[in-house]
Protein chains: 2
Amino acid sequence: MKEGPDIALIGSLIGDPARANMLTALTGGKALTATELAATAGITVQTASSHLSKLETGGLLTQRKQGRHRYFALADDDVGLMIEGLMGFAAYRGFTRHRTGPKDPALRKARVCYNHLAGDYGVRMLDSMLAEEVIGGAGDKLTLTKAGEERMAALGIDLPALRRSRRPLCRTCLDWSERRSHLAGSLGQALLTLFLDKGWARREVESRAVCFTATGEKAFLRLFPVAG
Amino acid sequence: MKEGPDIALIGSLIGDPARANMLTALTGGKALTATELAATAGITVQTASSHLSKLETGGLLTQRKQGRHRYFALADDDVGLMIEGLMGFAAYRGFTRHRTGPKDPALRKARVCYNHLAGDYGVRMLDSMLAEEVIGGAGDKLTLTKAGEERMAALGIDLPALRRSRRPLCRTCLDWSERRSHLAGSLGQALLTLFLDKGWARREVESRAVCFTATGEKAFLRLFPVAG
DNA sequence: TCAATGCTTCGATCACGATCGAAGTATCAG
DNA sequence: CTGATACTTCGATCGTGATCGAAGCATTGA
């Protein structure tokens with residue numbers, strides 16, 4: 001009864017539909033204002049403000065003041081991973097809100113998972129990196145190989161800078177649509193940023209979907225081939 | 001707003017303290033009756049019954065009639081993994097109910113995680129199996145190697161029987177106390193059963209703790225050595 | 001300085017759900 | 001059949017928390 005961690009607190013925070021909607025929206029990775037979040041949740045700003053303060057004291061969100069705006073974002077990677085995990089469970093159980101929306105195929109193909117690439121393409125990328133031994137490791141412990149370091153540096157990724165942060169370089173994140181792992185961590189984030197910067201893909205507005213251009217798709221698939 | 005899976009449903013199911021207590025109790029792996037669950041949650045049987053039916057229609061529990069008793073258990077491995085995931089997140093955030101109870105050290109050392117071994121010993125076991133290449137694989141994809149098959153068979157584990165079931169043989173499960181992975185899946189379950197059958201360890205009553213005997217501990221550590 | 005925007009705080013309302021007593025159903029032992 | 005145990009269903013109560021209107025701060029721009 002009173003042993004172990006308290007999951008009820010977190011459950012109740014996520015259990016309210018309005019809060020769940022806001023958290024889901026923030027899983028898109030962008031920091032959003034209170035008014036934006038209120039709109040997506042379908043409530044007034046007052047209620048949203050109340051919810052946001054609860055989520056903040058619960059440690060799920062951080063806020064950043066910028067002029068007269070306050071931008072809210074998920075507190076850190078762990079929150080994103082936890083929510084993705086719940087979404088995976090919910091999706092597997094068929095707890096979907098509207099069966100399958102029109103954007104659903106696009107989301108399953110490629111989407112933003114907090115700050116890295118998810119969906120079919122995300123899973124493919126990690127698969128390919130493991131097959132080509134760019135990334136090695138056992139269990140949930142992923143490490144960048146020597147060959148991997150060269151590949152990443154050649155792509156223009158500043159590894160020393162990533163290593164300077166305390167966040168882990170590589171970690172796995174369970175994909176809710178594929179039910180397989182994709183690459184998270186600061187390297188996962190850096191790779192997604194790279195794709196966007198190179199113009200290989202762009203983010204859909206008002207959605208988590210990531211839309212690859214024709215040339216971007218080719219380049220991506222060449223960079224991360226799949227066996228068979 | 002209406003894209004993606006609905007996490008609020010699951011959140012609200014877990015969000016009630018009484019239900020969270022029951023689920024936590026059931027993470028111990030044993031099937032429990034409604035009266036037992038009511039006692040651990042500190043509520044009457046009527047309320048417990050109401051909660052249990054909600055959890056069942058939510059797909060988190062299954063019930064099995066046996067005479068005039070009804071035994072409740074977690075629906076499957078996925079539910080256990082999901083709850084352990086939440087516990088990990090909650091523990092890391094310091095959402096503990098009573099700081100650290102007296103049983104806490106024992107729980108951190110070795111405990112039951114739904115149906116397999118968790119805690120320090122659980123993490124050690126997987127580490128050792130990976131180092132000795134009994135289990136191979138990268139990311140979340142764990143596989144038993146040829147050498148591993150022999151080792152497991154020598155221990156008296158009936159691999160063909162395990163393979164006959166549809167459940168995955170090996171999978172990772174995030175440990176909330178160690179924040180590392182331990183071995184789940186049917187093999188993880190079979191190994192814990194083996195330890196208990198061999199008398200190497202026994203389950204604490206009314207707790208998730210697993211208590212190793214002196215000889216059992218020696219045998220376990222010999223079987224799963226750690227480098228360094 | 002004034003007006004406009006973005007957000008929070010206060011206060012009141014209201015609904016949902018947790019809770020338990022009482023009664024009803026099922027199973028078992030004699 | 002009778003009594004006992006295990007659990008569910010019904011009905012009523014009650015408290016918590018979600019919600020929004022109105023007012024209060026804070027920041028920006030003119």
Side-chain angles (χ1 to χ4, degrees), chain A residues 1-2 6-26 30-75 95 97, chain B residues 1-2 6-26 30-73 95 97:
Chain A
M1 174 179 175
K2 45 193 164 198
D6 189 1
I7 55 175
L9 265 168
I10 298 172
S12 64
L13 280 178
I14 301 174
D16 181 80
R19 283 195 290 263
N21 281 330
M22 296 198 220
L23 287 171
T24 308
L26 288 172
K30 280 189 212 157
L32 299 172
T33 64
T35 21
E36 287 171 321
L37 287 167
T40 56
I43 49 177
T44 61
V45 266
Q46 304 96 297
T47 345
S49 177
S50 155
H51 286 309
L52 289 168
S53 75
K54 276 174 196 169
L55 288 172
E56 199 182 357
T57 56
L60 300 190
L61 295 186
T62 48
Q63 73 169 283
R64 178 166 45 87
K65 275 184 77 168
Q66 202 169 93
R68 51 183 158 182
H69 295 273
R70 296 203 184 181
Y71 285 94
F72 291 87
L74 300 187
F95 288 162
R97 273 172 284 200
Chain B
M1 173 178 175
K2 44 193 165 196
D6 188 1
I7 55 176
L9 265 168
I10 299 173
S12 63
L13 280 177
I14 302 175
D16 180 80
R19 284 195 289 262
N21 281 331
M22 298 199 216
L23 287 171
T24 309
L26 288 172
K30 281 190 213 158
L32 300 171
T33 65
T35 21
E36 288 172 319
L37 287 167
T40 56
I43 50 177
T44 61
V45 265
Q46 304 97 294
T47 7
S49 178
S50 154
H51 285 309
L52 288 169
S53 76
K54 275 173 196 170
L55 288 172
E56 200 183 355
T57 56
L60 300 189
L61 296 186
T62 48
Q63 74 169 284
R64 179 166 44 89
K65 276 186 77 168
Q66 202 168 93
R68 49 182 158 182
H69 295 273
R70 296 203 185 182
Y71 286 95
F72 291 87
F95 287 162
R97 272 171 283 200

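These numbers come from a predicted model, not from an experiment. So you know, we letter chains A, B, ... as the sequences are listed, proteins then strands, and number each from 1.
- The nearest pair of heavy atoms linking A/I7 to B/A20 is CG1-CB, 3.9 Å.
- Mapped onto DNA chain D by nearest heavy atom, A/T44 and A/G67 fall at different nucleotides, with A/T44 at the one closer to the 5' end.
- When the P atom of D/dT8 is taken as reference, atom CD1 of B/I43 falls 12 Å away, rounded to whole Å.
- Taking the side chain of B/K54 as heavy atoms from C-beta on, and the options D/dA18, C/dC20, C/dA18, the nearest nucleotide is C/dA18.
- The shortest distance between side-chain heavy atoms of A/I43 and A/M22 falls below 4.5 Å.
- The two residues A/E56 and A/L61 come nearest to each other via the heavy atoms CG-O, 3.6 Å.
- Distance, B/D16 CG to C/dG17 C1': 9 Å, rounded to whole Å.
- Side-chain contact between A/D16 and A/H51 is present, with heavy atoms from C-beta onward closer than 4.5 Å.
- Across the protein-nucleic acid pair, B/R64 atom CZ and D/dA6 atom C1' stand 16 Å apart, rounded to whole Å.
- Side-chain N/O atoms of B/K65 include none lying less than 4.0 angstrom from OP1 or OP2 on C/dA26.
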What is the per-nucleotide protein-contact pattern of nucleotides 3-10 of chain C, from the 5' end, where B denotes a base atom under 4.0 Å from a protein heavy atom, S denotes such proximity for sugar-phosphate atoms only, and - denotes neither? -BBSSBB-
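- Between B/T47 and the phosphate of C/dC20, there is a side-chain N or O to OP1/OP2 separation shorter than 4.0 Å.
- For B/E56 and D/dT9, the CD to C1' distance is 15 Å, given to the nearest whole Å.
- Here B/H51 does not reach the OP1 or OP2 of C/dG17: none of its side-chain N or O atoms lies under 4.0 Å away.
- Side-chain atoms of A/T62 and A/F72, non-hydrogen and from C-beta on, never get closer than 4.5 Å to each other.
- At least one donor-acceptor pair closer than 3.5 Å links the side chain of B/R19 to the backbone N or O of B/L13.
- Atom CG of B/L55 and atom C1' of C/dG17 are 14 Å apart (whole Å).
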